[in-house]
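Notes follow the structure.
For the single chain, residues carry numbers from 1 onward in sequence order.
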Amino acid sequence: LLLPHSKLVLHKQFSRKTRAAEFFGSGDFKITEDAAHPFVIAAKGFEVKVLGTQFLLISDGNREEVNLKKGLVEILSENKTWKLQPKEIWERTNGEVKQFFSKDYEVSFDYEDETFGKVIADLERIYGMKVNYPKNLKNQMVSGKIAGNLEEILEVISYPYNLQVRLNEKNRTIEMK
């Protein structure tokens, strides 16, 4: 599904042997697996090597993002390769590449006398979001098993401190007050 003003151009040699295209815009792709003939989509400054999958691709001049829903993809850019697994996102903004999981990705932590600050740092690393929280909680101790997606985990860790949580996906920030 291509969004308005998007363009997908198949290479002239596109066939069962070579499956390659160029892309600009935003599109939601579902590609049939063919390990012998991977589908390669060239976007602005990077390529997505598709290995039978479903993903969202954005390359519109303002934003470059691959959001993997199912399957596997490889991203090739500037002589580097990134491999994504389901619910993982690759994003390049102003030349800086970030790789993180979507908020519905489920994880499990088992903490034993760990600081609240460390728990927050783990969430920031996994989900690629900046979390702002009351600094007086940084050295509070956390123990126990915490499992779920981002929103479920935030609910669990904020409850003992009576914190309200606001998630801003556009700015990739979380406010805990």
Inset, instruction - Check the pair Met129, Phe100 against side chain to side chain contact (heavy atoms under 4.5 Å, CB included), reporting the backbone distance first and the verdict last. - result: CA-CA 9 Å; Met129 299 185 92; Phe100 51 88; over 6 Å; no
Inset, instruction - May I ask you to decide whether Arg92 forms a salt bridge with Glu64, counting only side-chain N to carboxylate O separations under 4.0 Å? - result: yes
Are more than 12 heavy atoms, taken from residues, nucleotides or ligands other than [X], located less than 6.0 Å from that residue's [atom1] atom?
{"X": "Lys69", "atom1": "NZ", "value": "yes"}
{"X": "Asn162", "atom1": "CG", "value": "no"}
{"X": "Glu175", "atom1": "CD", "value": "yes"}
{"X": "Lys135", "atom1": "NZ", "value": "yes"}

Please round to the nearest 0.5 Å and tell me the distance separating atom [atom1] of [X] and atom [atom2] of [Y].
{"X": "Phe14", "Y": "Arg19", "atom1": "CZ", "atom2": "CZ", "value": "6.0 Å"}
{"X": "Lys49", "Y": "Ile75", "atom1": "NZ", "atom2": "CD1", "value": "13.0 Å"}
{"X": "Leu56", "Y": "Asp28", "atom1": "CG", "atom2": "CG", "value": "5.5 Å"}
{"X": "Arg172", "Y": "Lys103", "atom1": "CZ", "atom2": "NZ", "value": "10.0 Å"}

Legend entry - Hydrophobic cluster identity match, Phe109 and Val156, side-chain contacts under 4.5 Å: yes
Inset, instruction - Could you tell me whether the side chain of Gln99 and the main chain of Lys83 form a donor-acceptor pair under 3.5 Å? - result: yes
Work out which heavy atom in [X] is nearest to a heavy atom in [Y]; give both atom names and the distance.
{"X": "Ser26", "Y": "Asp60", "result": "OG-OD2, 4.4 Å"}
{"X": "Phe24", "Y": "His5", "result": "CD2-O, 4.3 Å"}
{"X": "Phe23", "Y": "Ser59", "result": "CE2-N, 4.3 Å"}

Legend entry - Tyr111 and Asp122, any side-chain heavy atoms less than 4.5 Å apart: yes
